[in-house]
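Note that the structure is a prediction, hence the values are computed from the model and not measured. Order of the sequence lines fixes the chain letters, A, B, ..., with proteins taken first and strands second; residue numbering starts at 1 for each chain.
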Number of protein chains: 2
Amino acid sequence: MKKIVIADDHPMIRGALALSLAATTAFGKIEVLETSTLAELLAYLNDSGEADLVLLDLRMPGVNGFEGLLTLRARFPSTPVVIISALEDPQLVAEALALGAAGFIPKSTPRHEIVRALNLVAAGEVYAPPHLDCPLTSEAGRVDAELAQRLTSLTPQQRRVLQLLGTGKLNKEIAYDLAIAETTVKAHVSSILHKLNVYSRTQAVVMAGRLHLSSFADIAEV
Amino acid sequence: MKKIVIADDHPMIRGALALSLAATTAFGKIEVLETSTLAELLAYLNDSGEADLVLLDLRMPGVNGFEGLLTLRARFPSTPVVIISALEDPQLVAEALALGAAGFIPKSTPRHEIVRALNLVAAGEVYAPPHLDCPLTSEAGRVDAELAQRLTSLTPQQRRVLQLLGTGKLNKEIAYDLAIAETTVKAHVSSILHKLNVYSRTQAVVMAGRLHLSSFADIAEV
DNA sequence: GCGCCAATAGTACTTAGGAACGAGGCCGGA
DNA sequence: TCCGGCCTCGTTCCTAAGTACTATTGGCGC
């Protein structure tokens, strides 16, 4: 019995995805749960242990970018996450996959294709929309792709630290939040700075912040 | 002879605005210049002194949010800046005006209304799209409005410092860039932190970064 | 068992950040 | 003319940040 969680603030989308899941054979017997906020999703995973798959909307109340994906990858590294999104910017897809998403399914994808995608993911493969031309080499996304590359080189705990860094917290506060010593936080921060090739926490925050939102800003203008 | 600069990366828009300017009587005799990048605009203003009006597109290559407006307000506080934008989110308008824009003209505005808006601005008034309902009280924009309010309380030099802070620069680097002593930079940073009601440069950067991009992210999802 | 790596944590050290003073110059408004 | 705000710069002091080591633990693959 596989546990699959759908996280999307739009009930209609959740319903459609649940239908597609029901039509997917590769998972065998499945149990589908739905949540409408990131907090709800995290609370559930914390209580009931890791799920076997998470379908995550990129845009949820209170979470604009890849924060949700990053959080999930950090706290539950072994749980595959498929990104669901109304947007299908190649750069966005590239970043999502670089950040460890197991797939990227635009909401405009036809049902049968969604089923095919889910079967792929169930088999451990990575799914990307086929009509997007080689996303990783798109010229505009090169910088972000490299940035995403660097972010993926972070360990789960380091991602947690980076996330808290992004809220402007002090090392001491981060240590308290993660229940570890401040020296350990410093060790993580040093490692993060090296991996991101910057020399101050502020620069690290700027880089991370860019990834969270830049993709949206770039396509906001019609 | 009034000097007016149009900054927009789209030639068609520039042309349309130039036409509207030609039909505007309140400025008297005018000289219209066009630039397609923010850097070009700044270079021109640096060389030839302040203009009498700048029409600035919100979305230019390399500048996603209010960075251009902030920069202009910081370096040339007495030059009125009218924001041109394809977007007309009330919150966006509120923020732009709070940041000192002399007006906000959506690209969908009909020609005669643009002329009316420019006449208003020429008379020292502030123009906002009339069909947007009391932008400053929109519930979702309250936080950002307050934030914008705080940012406007910064002095021009402090805005310059904040902008450099936003790139992750050290105090020493900021001092070098602005050709002032590091102690002076520290004084500015301290003042900025007080005004923004935060206690570290990183938090200040996060706040500023939120304003630059949040509006775009909030409306990116259709 | 052995080696690798993430995570933890410690010590010692240097530098950056920031607060809290004071103080002088400049400029525009009352 | 005086006052106040902005910008400048200095001193002193404390804390936060970051580096450079070392070391232990536990998991995971060979």
Interface residues of residues 167-182 of chain A with DNA chain C (non-hydrogen, below 4.0 angstrom): A:I180, A:A181
Reported NZ-to-CD1 distance for the pair B:K186 and B:I174, which is rounded to 0.5 angstrom: 12.0 Å
Presence of A:Q158 side-chain N/O under 4.0 Å of C:dA6 phosphate oxygens OP1/OP2: no
Residue pair A:A51 / A:V5: nearest heavy atoms and the distance that separates them: CB-CG2, 3.8 Å
Euclidean distance, B:T25 OG1 relative to B:I30 CD1, rounded to 0.5 Å: 10.5 Å
Residues touching DNA chain C, which here means a heavy atom under 4.0 Å, drawn from residues 186-204 of chain A: A:H188
Over 12 non-hydrogen atoms of neighbours within 6.0 angstrom of NZ in A:K2: no
Exceeds 12 heavy-atom contacts within 6.0 angstrom, atom OH of B:Y176: no
Closest approach of B:R201 to B:K169 (non-hydrogen atoms, all atoms of both residues): NH2-O, 3.2 Å
B:H194 side, atom NE2; B:R150 side, atom CZ - distance, nearest 0.5 Å: 12.5 Å
Sequence-aligned protein contact record of nucleotides 22-30 of chain C, with B where the base is within under 4.0 Å of a protein heavy atom and S where only the sugar-phosphate is: ---------
A:T184 vs C:dA7: side-chain N/O to OP1/OP2 distance below 4.0 Å: no
Evaluation steps, side-chain hydrogen bond (donor to acceptor under 3.5 Å, both in side chains), between B:Q163 and B:R160: CA-CA 5 Å; B:Q163 197 175 350; B:R160 270 188 284 266; over 6 Å; no
Short N-O contact, A:R14 and A:E34, less than 4.0 angstrom: yes
Nearest-0.5 Å distance, CG of residue A:L165 to CG of residue A:L170: 10.0 Å
C:dA7 phosphate, OP1 or OP2, under 4.0 Å from A:T155 side-chain N/O: yes
